[in-house]
Number of protein chains: 2
Amino acid sequence: MELFWRHGYEGTSIADLTTAMGFTPPTLYAAFGSKEDLYREVIQFFLLRSERRRMDAALEQPSAYAMLRSYLYAAAESFTDPHTPAGCMVATAALQCASENQPIAQEVARIRQHMVLGFVERLNEAKTSGELPATIDALALANFYTAIVQGMSVQAIDGARTNDLLAVADLALSAWPGTKDEG
Amino acid sequence: MELFWRHGYEGTSIADLTTAMGFTPPTLYAAFGSKEDLYREVIQFFLLRSERRRMDAALEQPSAYAMLRSYLYAAAESFTDPHTPAGCMVATAALQCASENQPIAQEVARIRQHMVLGFVERLNEAKTSGELPATIDALALANFYTAIVQGMSVQAIDGARTNDLLAVADLALSAWPGTKDEG
DNA sequence: ATAATTATCTATCGATCACTAGAAAAATTT
DNA sequence: AAATTTTTCTAGTGATCGATAGATAATTAT
C-alpha cells in the first residue's frame with residue numbers, strides 16, 4: 001500500500017513490491033493474481049482503513065457543517081501524517097496514465113465520484129432540516145468541498161504542513177452558505 | 001504536448017511520441033536530447049501558451065478579487081476545453097511517480113509553488129491598497145485558491161463540465177474575505 | 001554538378017516491464 | 001516416519017522501456 005500510495009500504480013513495479021514484501025514474484029502472483037488485482041485490493045484496504053474511518057466519524061457529527069469541518073480537519077491531519085505517504089491515495093491518484101491502464105484510472109475516478117455523492121446525500125439532509133437554504137445546489141457545494149480535499153492532497157504531496165492545510169480548510173468552511181449553529 | 005498532458009510523463013512512451021509526430025526515435029533524440037528534456041520543453045511551452053496567458057489576463061484586472069475571478073473562470077473554461085486534454089498540465093501533474101523520475105516531479109512541484117507565490121504577491125498588494133484586511137494571511141488565502149484550481153483540474157479529468165467548475169469557482173469566490181467593489 | 005552537411009532511416013542496444021514454468025523446500029496430513 | 005499438499009524459489013518468458021550506432025536519404029554549399 002505504501003508503495004502504490006507514494007509512487008502510484010504505474011510508478012510501482014513488481015520488483016519494487018516483492019523486494020519490499022520480502023518474497024519473489026511467483027508468491028505475489030499466487031497471492032494476488034496480478035498487479036492490477038493487487039492494486040484494487042490495496043485501494044479497498046485503504047478505503048476501509050483510512051477513508052471510511054474519516055467519513056464515518058464525519059457523518060456522526062450533528063450538522064452538515066460540523067461533518068465537513070470534521071472531514072476536512074481529519075484530511076489535513078492524515079494527508080500530512082509522517083507515518084504514511086503524503087496526500088490521499090484516491091483523491092489525487094491515477095489522474096494521468098497510459099492507455100492500457102485506463103481501467104484502473106476509471107475505477108479510482110468512480111471512487112472519487114462516490115465520495116462526492118456521499119457529501120451530496122448529507123447536504124440534502126441539511127436542506128430538509130433547514131440547516132441549508134432550500135435554494136442551495138447540493139451537488140455544486142459537494143463538488144466545492146471535494147475540490148478542496150483534492151487540492152489539499154496535491155499540496156500535501158508538494159510538502160505542505162498540517163497547519164497549511166488546516167488554514168485552507170478553514171477558508172473553505174468560511175464559504176459555508178448555511179447556519180453554523182450546532183457542532 | 002497533448003500526449004504528455006493526457007497520459008503524463010510516465011504514461012507516455014517514446015514510441016507513442018514518435019508515432020504521433022510521424023518520425024523515428026533518432027529524430028526525436030536529435031531534436032530534443034532525451035525524453036526528460038522534451039518533457040521540460042513541453043511544460044515550458046504549455047506555461048507560455050496556456051498558463052501565462054491566463055495569469056497575465058488575470059493580473060490586468062483592477063482588483064485582486066477580480067483577478068481571482070478571472071483566473072478561476074478561465075481555468076474552468078480551459079480545463080474543459082474539448083480541443084485539449086482535460087484538466088491542467090501542471091496543477092495535477094507528476095503527483096505520483098517512480099523514484100527515478102523524482103527530478104521531474106520536483107520540477108513540476110516547483111512550478112506549482114511559483115504559481116502560489118504569484119497569487120501571494122497580488123494579495124499582498126490588495127492588503128496595502130485596503131482591498132483586503134491587513135490581518136489576512138495572504139499565503140493561506142493563496143493556498144486556498146490554488147487548492148481550488150487543483151481540485152478543479154482533478155474534477156475536469158474525472159469528466160466535469162464547464163458549468164460544474166464555474167459553480168465550484170463561484171463558491172470559492174464567496175469565501176473572499178475582502179471587498180468585492182471594483183472589477 | 002559535385003561535395004559537404006544535415007536529417008532521418010533501419011536495426012538494434014542492454015535494461016526493465018509484468019508474468020510464469022518447473023524444481024526445490026516447507027508445511028501438513030496420513 | 002512417509003506421503004501428500006502447499007508454498008516459495010530459481011530461472012527465464014516475450015514484450016516494451018529509453019536510447020543509440022551506422023547506413024541512407026535529403027538538403028545545402030561550393
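Reminder, nothing fancy here: chain letters follow the sequence lines and each chain counts from 1.
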Run the ring pair (Phe, Tyr, Trp, His ring centres under 6.0 Å) test against A:Tyr73 and tell me which residues pass, sequence neighbours left out.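 None.
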
List in chain and number order the residues that pass salt bridge (charged side-chain N to carboxylate O under 4.0 Å, His left out) with A:Asp164, two or more places apart in sequence or in another chain; answer none if no residue qualifies.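 Salt bridge (charged side-chain N to carboxylate O under 4.0 Å, His left out) check on A:Asp164 returns nothing, list empty.
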
Can you check the [X] [atom1] to [N] [atom2] distance for me, whole Å?
X        : N      : atom1 : atom2 : result
B:Ile14  : D:dC17 : CD1   : C1'   : 9 Å
B:Asp37  : D:dA19 : CG    : C1'   : 13 Å
B:Phe32  : D:dT20 : CZ    : C1'   : 18 Å
A:Glu100 : C:dC17 : CD    : C1'   : 11 Å
A:Tyr39  : C:dA18 : OH    : P     : 14 Å
B:Lys35  : C:dA15 : NZ    : P     : 19 Å
A:Leu3   : C:dA18 : CG    : P     : 12 Å
A:Met21  : D:dT7  : CE    : C1'   : 16 Å

Report the relative orientation of the aromatic rings in B:Tyr9 and B:Phe4; use parallel for angles under 30°, tilted for 30 to 60°, perpendicular for over 60°.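 The rings of B:Tyr9 and B:Phe4 lie parallel, inter-plane angle below 30°.
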
Which parts of nucleotides 4-10 of chain C does protein reach within less than 4.0 Å, heavy atoms only, written one letter per nucleotide 5' to 3' as B for base, S for sugar-phosphate only and - for none? ----SBB

Filter on side chain to side chain donor-acceptor pair (under 3.5 Å), then keep only pairs touching residues 16-26 of chain A, sequence neighbours left out; what's left?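 For residues 16-26 of chain A: A:Ser13-A:Asp16.
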
Classify B:Thr12 by what it touches in the nucleic acid, base, sugar-phosphate, or nothing, heavy-atom distance under 4.0 Å.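 The answer is sugar-phosphate, as B:Thr12 gets under 4.0 Å only of primed atoms, P, OP1 or OP2.
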
Partners of A:Leu117 by side chain to side chain contact (heavy atoms under 4.5 Å, CB included), sequence neighbours excluded?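 Here no residue qualifies.
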
Within residues 132-166 of chain B or reaching into it, pairs that qualify as ring-ring contact (aromatic ring centres under 6.0 Å, His included) - sequence neighbours excluded: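 Listed once each, the pairs would be none.
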
Are OP1 or OP2 of C:dC19 and a side-chain N or O of A:Tyr29 less than 4.0 angstrom apart?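 It does, given that an N or O in the side chain of A:Tyr29 lies less than 4.0 Å from OP1 or OP2 of C:dC19.
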
